[in-house]
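Note on naming: letters A, B, ... go to the chains in the order of the sequence lines (proteins, then strands), and numbering restarts at 1 for each one. Since we're looking at a predicted model, the values are computed, not measured.
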Amino acid sequence: MSDFTNKGIARILKQLAVLLEINGENKYKARAYRNASRRIMDLDEDISDYVSSENLQDIDGIGEGIAETIKDTFKNGFCPPLEELKSALPSGLLELLELPGLGPSSAHQLFEELKIEDIEGLRKALKAGKIRNLKGFGARREEKLLSSVENYEKYRNVILLSDAQSQAEEILIGFQSKDDLECREIKIAGSTRRWESLIEKIDFIVVTGESGQFFELIAGMEFIDKILNQTEDKITAVSESGVEINFWIVKEEHFPGALIYHTGIEEHFNKLREIAAEKDYQLNKYGLMQDSELLAIESEEEIYGKLGLPYIIPELREDRGEIEAALSGNLPDSIGLTDIRGDLHIHSRLSDGAHAIEEMVLTAREKGYEYMAVTDHSRSLKIAHGLSLAQLKAEGKLIDELQEKYGDIKILKGIEVDILSDGRLDYEDEILSELDLVIASIHTGFRQSIEQITARITRAMQNPHVDIIAHPQGRLLGRRKSYQVDLEKIIKKAAATGTCLEINASPFRLDLDDINVREAAREGVKIVINTDAHHSDELNDMKLGVSVAQRGWLEKDDVLNTMSYKQLCDYLGSG
DNA sequence: GCCGTTTTCGGCCCGACTGTTTTCAGTCG
């Protein structure tokens, strides 16, 4: 009898669903698996308990068939029908679905008619002009797919910041269990340490005792796929998910210097080097030297200090003026996670969230938040079970009851109201006026012109009830580009109307991005950092949003949800 | 495959958009 986590089983069922779709089977069968996957993901109890007590079918969405599949998976240690499908279908078909504009049906068709098995095969067929002649395709679609393929290849080996962090974390944990003969010190550097939204490579700086043993240690880690290259001072490995991992091996006395060298972008380091030269030091990847002697230095702070600079946090080391600001004493007093007093964009089960409002309230309380806002979707977003007027009213009543029960957190009645394709909002003003907080956002009409989308958002901001524009760029990192929008205009309008712009902290979005956040704050726009949580775990994403704020040079006062509850009410009331 | 019954099979979150067609299937959110 093997053991699987809820996440593990959910992943298996989801994969099964996708493969069934590609295999051209009944789409509702596939949907049933996908549905079951979601239920298990959201389950509070362990799925293994259901298996051992033989009551899997008590779970909504799991019937005889799927219960049997799960039991078999536990029994065998693998999922028989999944393995069967995997051996029947080329594995590359799955990646075809990553392309926007290509779904399971088309993947099935491409495989059946042209024996296309992966993206490379598709690229060749597209170049050869073979696709346009297929039924349901055409010249235009061929052109779009080609651009999708090119975009995909560009991001092929890039992973989300949150994924890079969890992989890096696993590696660190792997080292913790070893004695310090093999690894005396290890720290994340590079773009992951700077909290860039997309990561190409994960860098570590390592002080080892016995480098031979260190190599074996890495090679033996279960999530390391292979070692690409090994020299005396660097090991390059590839993780199972295909991302490159560099271990820079340094001597203990070189650790702080190496950390600075491998953390900021090159231009940041070059400017530090120039400052060092002016002070008759030499700065290189080993550290700070004077008269060819390495100075005994313990930390990065000390190096910055010797150069006459305050410490510059990794998030700012992008050569966007931070050195100049440090020299003139104008570095931002960067906002931190502990400054955040509440989360103002949270979904519940009433629309498309995983949990009841009460569970989200309990999680927010655990985080020590002073306030939170329940902001489910509005009525026209049917796929997300957008709330009818009656449901919205019922939700308000429910919140009143919860507010009675939990006095130590303020629960705002909010909504994420859709900005419809024609620019109207999804509820009338009199409905919005009764709510504590109104977030407006775009979920339809992504392909409209820059003028249309900009006009939709500016019109929404002119509505006096709208407090926040959520995910203003509408991007999905590495997957979907931002819709066409004139952010300069949006920022100006936000400043003029007192509307807040959101940093959406979802690891898939991080929207606004750091550059535009900084621009908005410069123009005096108030920024709000929200998780857009659809699951209680996702309230933890706040740290990602804060990192965007830090990279955008924000200070505490630039951010709405660092305010006390009273200040927040005053602000919203006047807005 | 699951569910909810008008218990034995029909419907399955839904509507907009797109590119293909010339009335619709596939994709997306």
Looking only at atom [atom1], what distance separates [N] and [M], rounded to whole Å?
N	M	atom1	value
dG29(B)	dT22(B)	C1'	27 Å
dT6(B)	dG11(B)	C1'	14 Å
dA25(B)	dT20(B)	C1'	9 Å
dG15(B)	dC9(B)	C1'	27 Å
dT23(B)	dC17(B)	P	22 Å
dC13(B)	dT18(B)	P	25 Å

Describe the nucleic acid contact of [X] in one word from base, sugar-phosphate, nothing, applying a heavy-atom distance below 4.0 Å.
X	answer
His443(A)	sugar-phosphate
Ser105(A)	sugar-phosphate
Leu99(A)	sugar-phosphate
Leu20(A)	nothing
Ile383(A)	base
Ala139(A)	sugar-phosphate
Leu102(A)	sugar-phosphate

What do you reckon, is [atom1] of [X] surrounded by more than 12 foreign heavy atoms closer than 6.0 Å?
X	atom1	answer
Arg140(A)	CZ	no
Glu84(A)	CD	no
Lys115(A)	NZ	yes

- [ ] Name the pairing partner of dT8(B), where a pair is Watson-Crick or G-U wobble with both distances under 3.5 Å, or state none.
- [x]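 Base-paired to nothing in any strand shown.
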Check the distance between [N]'s [atom2] and [X]'s [atom1] and give it to me in whole angstrom.
X	N	atom1	atom2	value
Asn133(A)	dT20(B)	CG	P	12 Å
Lys135(A)	dT20(B)	NZ	P	13 Å
Leu97(A)	dC28(B)	CG	P	9 Å
Gln448(A)	dA16(B)	CD	P	13 Å

- [ ] Determine whether the side chains of Glu45(A) and Tyr50(A) contain a donor N or O and an acceptor N or O closer than 3.5 Å.
- [x]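 On atom types as modelled, these side chains qualify, holding a pair under 3.5 Å.
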TODO: Kindly say whether the aromatic ring centers of His355(A) and His535(A) come within a distance under 6.0 Å.
DONE: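 Ring centres of His535(A) and His355(A) closer than 6.0 Å.
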Task: Residue closer to the 5' end of DNA chain B, Ile66(A) versus Glu142(A) (nearest nucleotide) - done: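 Mapping each residue to its closest nucleotide by heavy atoms, the 5'-most match is Ile66(A).
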Task: Most 5' of Ser380(A) and Ala107(A) on DNA chain B, judged by nearest nucleotide - done: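 Comparing both residues, the 5'-ward one is Ser380(A).
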Open item on the list: Applying ring-ring contact (aromatic ring centres under 6.0 Å, His included) as the test, list every pair that has at least one member in residues 85-120 of chain A; sequence neighbours left out.
Closed with: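 Matches after skipping sequence neighbours: none remain.
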TODO: Just grab all the ring-ring contact (aromatic ring centres under 6.0 Å, His included) pairs involving residues 116-159 of chain A, residues at least two apart or on different chains.
DONE: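 As it turns out, there is no ring-ring contact (aromatic ring centres under 6.0 Å, His included) pair with a partner in residues 116-159 of chain A once direct neighbours are skipped.
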TODO: Quick one: pull up OG in Ser105(A) and CG in Leu97(A) and give me the separation to the nearest 0.5 Å.
DONE: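 Taking OG in Ser105(A) and CG in Leu97(A), the distance rounds to 10.5 Å.
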Interface polar pairs with nucleotides 4-10 of chain B, N/O, under 3.5 angstrom:
none

TODO: Under 4.0 Å from any atom of DNA chain B, heavy atoms only: list the residues of residues 24-39 of chain A that qualify, in numerical order.
DONE: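 Residues of residues 24-39 of chain A that come under 4.0 Å of DNA chain B are, in numerical order, Asn26(A), Tyr28(A), Lys29(A), Arg31(A), Ala32(A), Tyr33(A).
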Open item on the list: Let's see if you can work this out: which of dT27(B), dC28(B), dC13(B) has an atom nearest to the side-chain heavy atoms of Ser106(A)?
Closed with: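 That would be dT27(B).
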- [ ] Go through the structure and list residues passing side chain to side chain donor-acceptor pair (under 3.5 Å) with Gln452(A), not counting sequence neighbours.
- [x]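 Side chain to side chain donor-acceptor pair (under 3.5 Å) list for Gln452(A), sorted by chain: Ser449(A).
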TODO: Could you pull out all residues at least two apart from Arg424(A) that satisfy side chain to side chain donor-acceptor pair (under 3.5 Å)?
DONE: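 Side chain to side chain donor-acceptor pair (under 3.5 Å) list for Arg424(A), sorted by chain: Asp422(A).
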Task: Whether His443(A) and His471(A) hold their rings parallel, tilted or perpendicular, with breakpoints at 30° and 60° - done: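 Answer is perpendicular, since the angle exceeds 60°.
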Task: Syn-anti status, with the boundary at 90° from 0, for the nucleotide dT5(B) - done: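 dT5(B): anti glycosidic orientation.
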